[in-house]
Amino acid sequence: MAGGGGGLELPERQRRGKKHSKRKKKKRVGFRIDMTPMVDIVFLLLTFFMYTTTMVTPQVMEISVPKEVEENVEVNQANLFTLYVRGDGKLFFSMGADDPQPIEYSQLRAKAVELNLLRKNKLITAFKPSPDAPYGAVVQVLDILNQAEAEIIRQLQAEGLKRERKFAFVKLSPEEVEKLKGL
Amino acid sequence: MPKIKKKRLGFVIDMTPMVDVTFLLLTFFMFTAKFKSEAEAEQKFVIKRPYASADTSKLPDKDLAIIKVGIDTLSGDTSYYYTIINEIQRRQVYDNLNFTPEQRKPQLKVGLDLLDQLIMQTRITGPRTRFAIDGDRRIRYKWIEDAIDVLRKNNATAFNFVTEKRQ
């Protein structure tokens with residue numbers, strides 16, 4: 001009775017004129033499907049995807065190093081700001097040819113901003129992590145310097161200057177390793 | 001006289017709105033799900049990435065080669081692993097280096113010499129390939145320094161450090 005194709009309708013309409021049509025089409029009122037099994041499966045899939053999905057994509061820190069060139073570049077010692085990370089993760093800094101002094105990670109940002117503003121764009125930051133330093137500490141220093149950079153750019157812009165960042169990774173010499181050990 | 005509780009026979013809840021929302025969530029999670037790559041599935045180490053403050057720059061999806069420096073969970077040894085994301089490029093590089101079928105893994109455990117060769121071939125087959133160093137925060141900086149030197153030697157002077165957002 002439900003299978004009302006187009007073929008069946010036509011004769012029915014014609015019959016209507018003859019006044020007897022006992023079989024009325026029943027309307028399906030309150031039609032229900034048991035959704036429970038479907039809901040079960042859907043929830044199963046949902047929980048699976050919720051647990052397996054990873055929302056955090058790793059972020060990156062962009063690094064650029066100079067090309068390999070043989071010639072050495074002359075650097076004015078007075079404008080050299082050197083940062084050291086010792087094997088145990090302790091941080092040191094020095095200006096020019098001074099001896100390295102210890103500095104806390106929390107103070108580094110303020111120090112970098114202060115020195116850069118003092119020497120404007122002339123300051124060269126040399127970063128000398130010890131080969132034994134934990135990589136996490138090295139990245140932390142780079143991160144702090146990047147944060148300081150935002151502040152420096154803002155301050156220099158206020159003075160109408162364009163920031164030229166001078167930063168380099170430098171290898172620690174054996175004498176410096178010894179020197180740091182004694183501190 | 002205590003009331004006799006009527007049993008609620010044929011009790012039905014209309015589940016349609018719940019099903020609607022559930023399907024919406026399901027499709028959302030299905031589309032956003034990103035599965036582990038073949039290379040990651042078989043690696044025997046977990047990289048604890050160094051923390052950095054929030055950054056908007058993300059790892060590129062394609063034209064990427066990753067140098068992983070991981071600590072093996074069982075032996076505790078540190079070593080380099082190299083992955084080229086693009087499969088066609090990976091095949092080309094492996095062909096150029098005459099790799100045996102056993103060596104043709106998506107993620108290779110490499111030494112510095114092999115890393116040098118692989119990076120050189122990666123540069124030849126895809127000059128636009130970006131490099132990323134994905135190192136564990138507990139390793140000594142020496143490992144990273146050596147990897148940087150190899151990259152520099154091959155003229156890949158701009159690369160990325162993979163980090164994790166500090167909470």
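All chains are named by letter (A, B, ...) in the order of the sequence lines, taking the proteins before the strands, and each is independently numbered beginning at 1.
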(request) Taking B:R137 for its side chain and A:A137 for its backbone only, find out whether a donor-acceptor pair lies under 3.5 Å. (result) no
(message) If I measure from the heavy atoms of chain A, does B:V19 come under 4.5 Å with its side chain, its backbone, both, or neither?
(response) side chain
(message) In this structure, would B:F131 and B:Y81 fall into the same cluster of hydrophobic residues linked by side-chain contacts under 4.5 Å?
(response) no
(message) Testing the basics here: between B:T22 and A:L46, what is the closest heavy-atom pair and its distance to 0.1 Å?
(response) CG2-CD2, 3.7 Å
(request) Could you check A:Q59 against B:R49 for side chain to side chain contact (heavy atoms under 4.5 Å, CB included), going step by step and ending with a plain yes or no? (result) CA-CA 10 Å; A:Q59 53 176 24; B:R49 299 191 169 109; over 6 Å; no
(request) Might you confirm whether atom NZ of B:K58 has over 12 heavy atoms from other residues, nucleotides or ligands at distances under 6.0 Å? (result) yes
(message) Please determine whether residues B:I47 and B:I139 belong to a single hydrophobic cluster, defined as Ile, Leu, Val, Met, Phe, Trp and Tyr linked transitively by side-chain heavy-atom distances below 4.5 Å.
(response) no
(request) Under 4.5 Å heavy-atom distance to chain A, tell me which part of B:A132 shows up: side chain, backbone, both or neither. (result) neither
(message) Does any backbone or side-chain atom of B:K48 lie under 4.5 Å from a heavy atom of chain A? Answer side chain, backbone, both or neither.
(response) neither
(request) Could you check A:F49 against B:T32 for side chain to side chain contact (heavy atoms under 4.5 Å, CB included), going step by step and ending with a plain yes or no? (result) CA-CA 9 Å; A:F49 279 103; B:T32 53; over 6 Å; no
(request) Give a yes or no on whether A:L118 atom CG has more than 12 heavy-atom contacts from other residues, nucleotides or ligands under 6.0 Å away. (result) yes
(request) Scan B:W143, B:F161, B:Y141, B:Y51 and name whichever one has a ring pair (Phe, Tyr, Trp, His ring centres under 6.0 Å) with A:Y135. (result) B:F161
(message) Please classify the contact between A:L142 and chain B as side chain, backbone, both or neither, with a heavy-atom cut-off of under 4.5 Å.
(response) side chain
(message) Taking side chain as everything from C-beta outward and backbone as N, CA, C, O, which of these in B:D136 sits under 4.5 Å from a heavy atom of chain A? Side chain, backbone, both or neither.
(response) backbone
(message) At a 4.5 Å cut-off on heavy atoms, which part of B:I144 comes close to chain A: side chain, backbone, both, or neither?
(response) side chain
(request) Answer with yes or no whether the hydrophobic clustering places B:I67 together with B:V150; edges join I, L, V, M, F, W, Y residues whose side-chain heavy atoms lie under 4.5 Å apart. (result) yes
(request) Under 4.5 Å heavy-atom distance to chain A, tell me which part of B:E164 shows up: side chain, backbone, both or neither. (result) backbone
(message) Heavy-atom count check: over 12 atoms from other residues, nucleotides or ligands less than 6.0 Å from A:D40 CG?
(response) yes
(request) Using distance alone, with no hydrogens and no angle criterion, decide if A:E62 and B:S57 have a side-chain donor and acceptor under 3.5 Å apart. (result) no
(request) Using a cut-off of 6.0 Å, state whether more than 12 heavy atoms not belonging to B:M18 lie near its atom CE. (result) yes
(request) Select, from B:S53, B:A158, B:P60, the one with the greatest count of heavy-atom pairs under 4.5 Å involving chain A. (result) B:S53
(message) Check for me, please, whether A:F48 and B:F23 land in the same ILVMFWY cluster - side-chain distances under 4.5 Å, paths through other members count.
(response) yes
(request) Just give me the residue among A:S130, A:P131, A:P129, A:S64 that pairs up with chain B most often, heavy atom to heavy atom, under 4.5 Å. (result) A:P131
(message) With a 4.5 angstrom heavy-atom cut-off, is it the side chain or the backbone of A:V42 that approaches chain B, or both, or neither?
(response) both
(request) With a 4.5 angstrom heavy-atom cut-off, could you sort out which part of B:T27 is near chain A: side chain, backbone, both or neither? (result) neither
(message) How close do B:P50 and A:G136 get, counting heavy atoms only, and between which atoms?
(response) CB-CA, 4.0 Å
(message) Just checking A:M50: does its CE atom have more than 12 heavy atoms from other residues, nucleotides or ligands closer to it than 6.0 angstrom?
(response) no
(request) Answer with side chain, backbone, both or neither: which region of B:L151 has an atom nearer than 4.5 Å to a non-hydrogen atom of chain A? (result) neither
(message) At a heavy-atom distance under 4.5 Å, which candidate from A:V138, A:N146, A:V139, A:I63 has the highest pair count against chain B?
(response) A:I63
(request) Please test A:K171 against B:D149 for side chain to side chain contact (heavy atoms under 4.5 Å, CB included), starting from the C-alpha separation and ending with a verdict. (result) CA-CA 11 Å; A:K171 279 193 184 140; B:D149 284 344; 2.6 Å; yes
(message) Only pairs of heavy atoms separated by less than 4.5 Å count here; which of B:R140, B:M15, B:R166, B:K165 has the most with chain A?
(response) B:R140
(message) For B:D55, which atoms come within 4.5 Å of any heavy atom of chain A: side chain, backbone, both, or neither?
(response) both
(request) Decide whether A:I103 and A:V113 are clustered together by the hydrophobic rule: side chain heavy atoms of Ile, Leu, Val, Met, Phe, Trp, Tyr closer than 4.5 Å, transitively. (result) no
